[in-house]
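Worksheet: one structure, shown below.
What you see below is based on every heavy atom in this structure, not just the backbone, and it leaves out hydrogens, waters and symmetry mates. Residue indices begin at 1 and follow the sequence shown. Just so you know, ligand 1 is whichever comes first in the structure, and atom 1 is the first atom listed for that ligand.
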Amino acid sequence: MEASVTIQTRSGSYVVTAGTGIRKQVIKYLPKSYESIYIVSDQTVADLYLEDIKKQFASNQVDSYVVPSGEASKSIDQYYELITDALEKGLNRHSLVIALGGGVVGDLVGFFASTFMRGIDFVQMPTTILAHDSSVGGKVGINHALGKNLIGSFYPPVAVIYDVETLKSLPLREVRSGYAEVVKHGFLEGESFFRDVIRADLTKPLDERTLTKHLLQGIQVKAAVVERDERESYHRMFLNFGHTLGHALESELGYGTWTHGEAVAIGMLFALKVSQRTFRVDLPYEAYYEWIKTNGYPTVLPPLKAESLINKMKKDKKTKNKQIQMVLLKAVGHPVIQQMEEEFLYNQLKDFLGE
Ligand code: NAD
Ligand code: MG
């Protein structure tokens with residue numbers, strides 16, 4: 001099975017193709033031919049899939065570079081090393097860079113591609129579920145010691161080649177992390193996509209047809225939002241549904257304690273509760289809660305203080321005039337940005353934490 005969507009950007013368009021085994025036919029999906037190919041991957045992914053890609057090109061045409069697996073590779077040092085290696089290997093503006101891996105590789109390599117010789121073409125080959133989110137939308141970047149993703153740019157790939165077969169080797173925890181963002185796209189899109197996503201049983205091997213459908217639908221939701229508002233002036237903030245508390249939790253617990261998706265999954269639960277109380281609407285809180293619980297997402301919060309979480313939430317990039325803004329739902333498929341009264345939010349959070 002194979003399917004594709006075309007994404008429009010300010011500077012043109014690119015095609016996202018998802019399918020089973022398509023990593024073995026990379027050339028078919030490239031928009032043009034290139035003088036040389038430079039594949040960058042992380043150690044885990046390289047051990048599994050690098051050779052599949054490399055062998056499709058003549059040996060004098062292809063080079064590769066492998067970074068350590070994990071968030072630490074989104075660093076200025078790793079970026080600099082990548083540039084040095086690319087220069088030594090003679091990469092130029094007629095070369096193509098392929099980012100083979102999850103969001104870490106995609107963000108690092110995309111940023112590298114956006115700045116190397118003022119920008120060279122790059123292709124995203126996502127290998128995680130989370131990367132359905134990170135590989136489209138054009139944001140690329142690395143971390144600074146003072147914060148995540150603080151150094152970056154907007155730089156779309158020339159193609160996204162998403163081989164869902166590679167997702168079979170993902171650890172369950174990474175599947176869960178990525179699916180939280182798929183559900184988020186469901187919440188933003190509407191009842192039917194949302195209901196379809198929460199039918200997924202993540203504890204069993206994923207059915208490739210369903211997975212391909214969910215990933216492409218998620219990509220379409222994200223793409224539609226980004227097409228409306230590439231530079232995040234308003235609508236793009238919707239993609240932060242569940243992230244105000246999610247980010248605060250990640251930061252309070254220490255990055256890496258919970259996966260991003262685990263934190264966002266709880267963040268969405270909280271956002272649903274707050275939405276219900278703010279707009280007096282009925283949302284599928286129970287159905288969603290059941291889904292995260294049966295799929296093994298943490299549903300019991302560690303003993304954290306509402307006050308320290310609120311302080312973290314204030315650091316959210318949506319905060320305006322010191323007031324926390326949350327993405328809430330008036331209905332599934334109807335997100336809004338809401339200025340939050342601090343006392344109300346504090347009480348909601350205390351209640352949620354069982355304080
Ligand atoms: P990741 O790239 O670190 O991958 C998670 C882990 O899975 C890694 O250890 C990796 O080696 C391993 N892995 C990857 N593919 C595998 C496979 N097929 N089989 C087995 N193991 C595999 O993390 P991620 O969750 O994909 O992405 C997280 C990053 O994405 C964060 O840095 C985040 O900031 C970024 N992100 C960016 C955007 C954006 O718009 N640019 C959006 C969301 C997230
Ligand atoms: Mg996210």
Side-chain angles (χ1 to χ4, degrees), residues 7 23 40-50 52-53 66-75 78 99-111 114 122 124-144 147-157 160 162-185 187-188 206 211 215 218-219 222-223 225-226 230 232 236-247 249-250 255-256 258-265 267-268 316-317 327:
I7 313 246
R23 72 184 180 285
V40 184
S41 193
D42 76 18
Q43 193 64 60
T44 313
V45 178
D47 288 347
L48 293 163
Y49 306 112
L50 178 59
D52 289 344
I53 323 295
V66 177
V67 303
S69 302
E71 187 71 26
S73 281
K74 272 174 60 174
S75 70
Q78 189 57 74
L100 174 69
V104 164
V105 167
D107 278 11
L108 166 71
V109 176
F111 181 61
S114 79
F122 96 110
Q124 293 266 22
M125 290 192 69
T127 64
T128 63
I129 291 174
L130 188 125
H132 88 283
D133 182 3
S134 58
S135 64
V136 297
K139 283 187 181 176
V140 293
I142 55 177
N143 302 329
H144 186 278
K148 257 175 75 80
N149 301 324
L150 294 179
I151 308 161
S153 54
F154 288 93
Y155 196 68
V160 178
Y162 208 159
D163 187 346
V164 295
E165 204 171 70
T166 63
L167 303 174
K168 280 189 180 158
S169 53
L170 267 186
L172 176 60
R173 209 158 172 225
E174 297 298 339
V175 171
R176 246 185 237 134
S177 182
Y179 245 88
E181 300 283 8
V182 181
V183 187
K184 179 193 79 182
H185 289 132
F187 275 125
L188 299 179
L206 296 164
L211 190 55
L215 293 175
I219 285 172
K222 173 153 187 185
V225 172
V226 173
E230 202 165 317
E232 194 158 329
R236 195 168 179 154
M237 285 196 263
F238 293 162
L239 300 172
N240 263 286
F241 180 62
H243 284 60
T244 315
L245 178 61
H247 282 148
L249 282 170
E250 277 184 287
Y255 283 98
W258 280 7
T259 62
H260 177 65
E262 286 170 339
V264 170
M268 291 193 284
D316 186 88
K317 63 182 172 191
V327 182

Glu181/Lys222 ion pair, N-O < 4.0 Å: no
For the student: nearest non-hydrogen atoms of Ser114 and Ser153, plus distance: OG-OG, 2.9 Å
Mutual orientation of the aromatic rings belonging to His132 and His185 [parallel < 30°, tilted 30-60°, perpendicular > 60°]: perpendicular
Amino acids in close contact with ligand 1, where any non-hydrogen atom sits under 4.0 angstrom away: Asp42, Thr44, Val45, Leu48, Tyr49, Ser69, Glu71, Lys74, Gly102, Gly103, Val104, Asp107, Thr127, Thr128, Leu130, Asp133, Ser134, Lys139, Lys148, Asn149, Thr166, Ser169, Leu170, Glu174, Lys222
The Mg ion (ligand 2) neighbourhood, protein N/O/S only, threshold under 2.8 Å: Glu181 OE2, His243 NE2, His260 NE2
Ser69 side-chain N/O to Thr44 backbone N/O, donor-acceptor pair under 3.5 Å: yes
Any donor-acceptor N/O pair, Tyr162 side chain to Thr128 backbone, under 3.5 Å: yes
With Val45 via side-chain contact (heavy atoms from CB on, under 4.5 Å) - residues at least two apart: Ser41, Asp42, Tyr49, Leu100, Thr127
Side chain Arg236, main chain Gly137, donor-acceptor under 3.5 Å: yes
Short side-chain to backbone donor-acceptor contact, Asn143 and Asn149, under 3.5 Å: yes
Sequence-distant partners of His243, ring pair (Phe, Tyr, Trp, His ring centres under 6.0 Å), two or more places apart: His247, His260
